[in-house]
Undergrad: 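What follows is a single structure, and I will ask about it in a moment.
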Amino acid sequence: MKAVTIPEFGEAGVLRVDEVKVPEPGPGEVSIDVAYAGANFAEVLYRRGVVDVPLPFVPGIEVSGHVRAVGPEVEGLRPGQPVAALTIVDSGGYAEVAVTSADLVAPLDGLDLGLDVAAAVPSNSTTAFLVLDRAARIEPGETVLVHAAAGGVGSQLGQAARQLGAGRVVGTVGGPAKIETARGFGYDDVVLRDELPGRVAELTGGRGFDIVVDMVGGPARRASLDALAPMGRMVVMGNASGADDVGVSANELWFTNKSVSGFNLAAFSGAFPADAGRALRRAVAAAASGDLRLRVEELPLEHAAEAHRRIESGATTGKLVLAVRG
């Protein structure tokens with residue numbers, strides 16, 4: 001079958017279209033004829049060698065398509081069924097056929113959701129619900145701050161916060177051109193990230209935010225901690241800036257009644273596949289009903305390197321998906 005592989009770590013140009021062996025599902029797994037694969041910053045990290053993976057490696061943490069075959073011990077899924085799926089545990093989505101745990105598959109039968117949009121749901125939308133519900137433990141009426149609000153996961157976090165009862169949702173973006181885009185994803189206010197420290201009091205009535213979600217890192221991480229209200233929670237789920245790690249003093253957390261936690265969808269899905277699957281199905285239903293709005297742009301699978309370059313540039317808004325099969 002055709003697949004995009006990482007033959008060596010490096011810049012986007014190392015990505016190569018190859019012929020690889022078609023994978024077969026094992027016990028508790030399904031194989032999927034992939035129609036679309038989502039393009040994510042996680043796959044950029046694989047390509048750069050930030051995540052230790054065996055080479056050559058087929059990236060791709062989410063797909064949509066039709067069930068090709070089901071392995072032993074799989075119930076509720078059948079060949080030919082339209083689905084969206086997380087392939088994040090072992091990757092492999094940038095290919096004509098992908099295999100994943102049946103727990104991480106959401107049927108699309110009867111839902112008004114195109115396969116192109118469905119491919120944009122499993123990673124970002126599922127993450128949004130899990131970060132706010134499981135990691136941040138959001139309560140009704142709380143104030144939420146989300147960095148990179150116009151990006152793939154940022155575009156979903158603001159909307160998910162609304163559905164989970166947030167009282168006020170604020171986003172940050174890296175430049176003025178993204179402000180109106182982010183506003184369209186359900187944010188009450190959108191501010192430039194560099195201006196955040198001087199605007200926290202204005203945005204929160206002097207109290208600070210109950211929840212901050214940071215996938216940017218660097219100066220934004222320190223500013224996020226400072227922006228928390230007493231008993232506020234910061235969830236760290238990325239380092240898109242590539243900045244050096246930011247240390248957090250345990251004594252500071254103790255004295256200020258603040259907390260910091262981390263969320264990694266791959267690790268969560270590997271440890272709690274049934275929980276991840278439930279969140280995925282919740283996200284798919286929300287997208288199909290219109291409760292979650294997704295902005296999707298399509299590129300051919302052969303243009304995976306272009307997708308990576310655009311993601312790395314920080315110029316993307318919404319989600320890029322790669323068309324694999326017609």
Undergrad: Indicate yes or no for a side-chain donor-acceptor contact from R193 to the backbone of A220 under 3.5 Å, with no hydrogens or angles considered.
TA: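 No, the answer is negative, given that no donor and acceptor are paired below the 3.5 Å cut-off.
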Undergrad: Between E24 and R68, does any side-chain N to carboxylate O distance fall below 4.0 Å?
TA: no
Undergrad: V63 pairs by side-chain contact (heavy atoms from CB on, under 4.5 Å) with which of V83, T87, V105, V321?
TA: T87
Undergrad: Do the side chain of E195 and the main chain of V191 share a donor and acceptor less than 3.5 angstrom apart?
TA: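 No: the side chain of E195 does not pair with the backbone of V191.
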Undergrad: More than 12 non-hydrogen atoms from neighbouring residues, nucleotides or ligands closer than 6.0 Å to CG on N251, yes or no?
TA: yes
Undergrad: Identify the heavy atoms of V14 and P7 that sit nearest to each other, and give their distance.
TA: O-CD, 3.1 Å
Undergrad: Quick one: do R233 and E142 satisfy salt bridge (Lys or Arg N to Asp or Glu O under 4.0 Å)? Show the steps, please.
TA: CA-CA 11 Å; R233 292 89 70 199; E142 289 192 312; 2.8 Å; yes
Undergrad: Tell me if the CD atom of E298 is crowded by more than 12 foreign heavy atoms within 6.0 Å.
TA: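 Yes, because the 6.0 Å sphere around CD of E298 holds more than 12 heavy atoms from other groups.
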Undergrad: Between R309 and E306, is the closest basic N to carboxylate O distance under 4.0 Å?
TA: no
Undergrad: Looking at L86 and T100, what are the two nearest heavy atoms and their distance?
TA: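 Scanning both residues, the minimum pair turns out to be O-OG1, 2.7 Å.
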Undergrad: Given the rule that I, L, V, M, F, W and Y join up when any side-chain heavy atoms are under 4.5 Å apart, are L292 and L320 in one cluster?
TA: yes
Undergrad: Would T5 and D18 count as having a side-chain donor-acceptor pair, cut-off 3.5 Å?
TA: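 Side chains of T5 and D18: pair found under 3.5 Å.
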Undergrad: Under 3.5 Å, is there a donor-acceptor pair between the side chain of Q156 and the main chain of R293?
TA: yes
Undergrad: Are V246 and V260 connected into the same hydrophobic cluster when the rule is that any two of I, L, V, M, F, W, Y join if their side-chain heavy atoms are below 4.5 Å apart?
TA: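 In one cluster with V260: V246, no.
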Undergrad: Decide yes or no for V67 and R78: does some side-chain heavy atom of the first lie under 4.5 Å from some side-chain heavy atom of the second?
TA: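 No - every pair of side-chain heavy atoms lies 4.5 Å or more apart.
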Undergrad: Please check if I211 and L225 belong to a single hydrophobic cluster, counting links between Ile, Leu, Val, Met, Phe, Trp and Tyr side chain heavy atoms closer than 4.5 Å.
TA: no
Undergrad: So, using ring-ring contact (aromatic ring centres under 6.0 Å, His included) as the criterion, who are the partners of F272 when residues are at least two apart?
TA: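 Testing F272 for ring-ring contact (aromatic ring centres under 6.0 Å, His included), a comparison that skips the adjacent residues, returns F268.
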Undergrad: Could you tell me whether the side chain of T143 and the main chain of D210 form a donor-acceptor pair under 3.5 Å?
TA: yes
Undergrad: Can you find a side-chain donor-acceptor pair between E29 and S101 that sits under 3.5 Å?
TA: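 Side-chain D/A pair, E29 to S101: absent.
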Undergrad: Checking side-chain hydrogen bond (donor to acceptor under 3.5 Å, both in side chains) between T172 and each of H147, R199, K178, which is the one that passes?
TA: H147
Undergrad: Salt-bridge test for R282 and D133: reply yes if a basic N is under 4.0 Å from a carboxylate O, no otherwise.
TA: yes
Undergrad: Between R162 and D188, does any side-chain N to carboxylate O distance fall below 4.0 Å?
TA: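 Between D188 and R162 there is a salt bridge, with a charged N closer than 4.0 Å to a carboxylate O.
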Undergrad: Find out if a path of hydrophobic residues (ILVMFWY) with successive side-chain heavy-atom gaps under 4.5 Å connects V170 to I179.
TA: no
Undergrad: For residues Y94 and N40, report the shortest heavy-atom separation together with the two atoms involved.
TA: OH-N, 4.3 Å
Undergrad: Using modelled atom types only, decide if a donor and an acceptor are shared between the side chain of E62 and the backbone of S123 within a distance under 3.5 Å.
TA: yes
Undergrad: Let me see the working for E252 and K258 under salt bridge (Lys or Arg N to Asp or Glu O under 4.0 Å), right down to the final yes or no.
TA: CA-CA 8 Å; E252 179 183 353; K258 299 177 181 180; 5.3 Å; no
Undergrad: Is it the case that over 12 heavy atoms from other parts of the model lie below 6.0 angstrom from the CG atom of D52?
TA: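 For D52, atom CG is not crowded (no more than 12 foreign heavy atoms under 6.0 Å).
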Undergrad: If you count the non-hydrogen atoms of other residues, nucleotides and ligands that lie under 6.0 Å from CG in D194, is the total more than 12?
TA: no
Undergrad: Search all heavy atoms of E43 against all heavy atoms of P59 and return the closest pair with its distance.
TA: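 Heavy atoms of E43 and P59 come nearest at CG-CB, 4.0 Å.
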Undergrad: Does E75, at its CD atom, have more than 12 non-hydrogen atoms belonging to other residues, nucleotides or ligands within less than 6.0 Å?
TA: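 Open: at most 12 neighbouring heavy atoms sit under 6.0 Å from CD of E75.
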Undergrad: Does a donor on one side chain sit under 3.5 Å from an acceptor on the other, for D291 and S289?
TA: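 Yes, side-chain donor-acceptor contact under 3.5 Å.
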Undergrad: Would you say the side chain of P176 lies within less than 4.5 Å of the side chain of L192, judging by non-hydrogen atoms?
TA: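 Yes; the side chains approach each other to less than 4.5 Å.
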Undergrad: Inspect the contact between E8 and R48 and indicate whether a charged nitrogen and a carboxylate oxygen are less than 4.0 angstrom apart.
TA: no
Undergrad: Can a salt bridge be assigned to the pair R134 and D275 using a cut-off of 4.0 Å between side-chain N and carboxylate O?
TA: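 Answer for the salt bridge query: yes.
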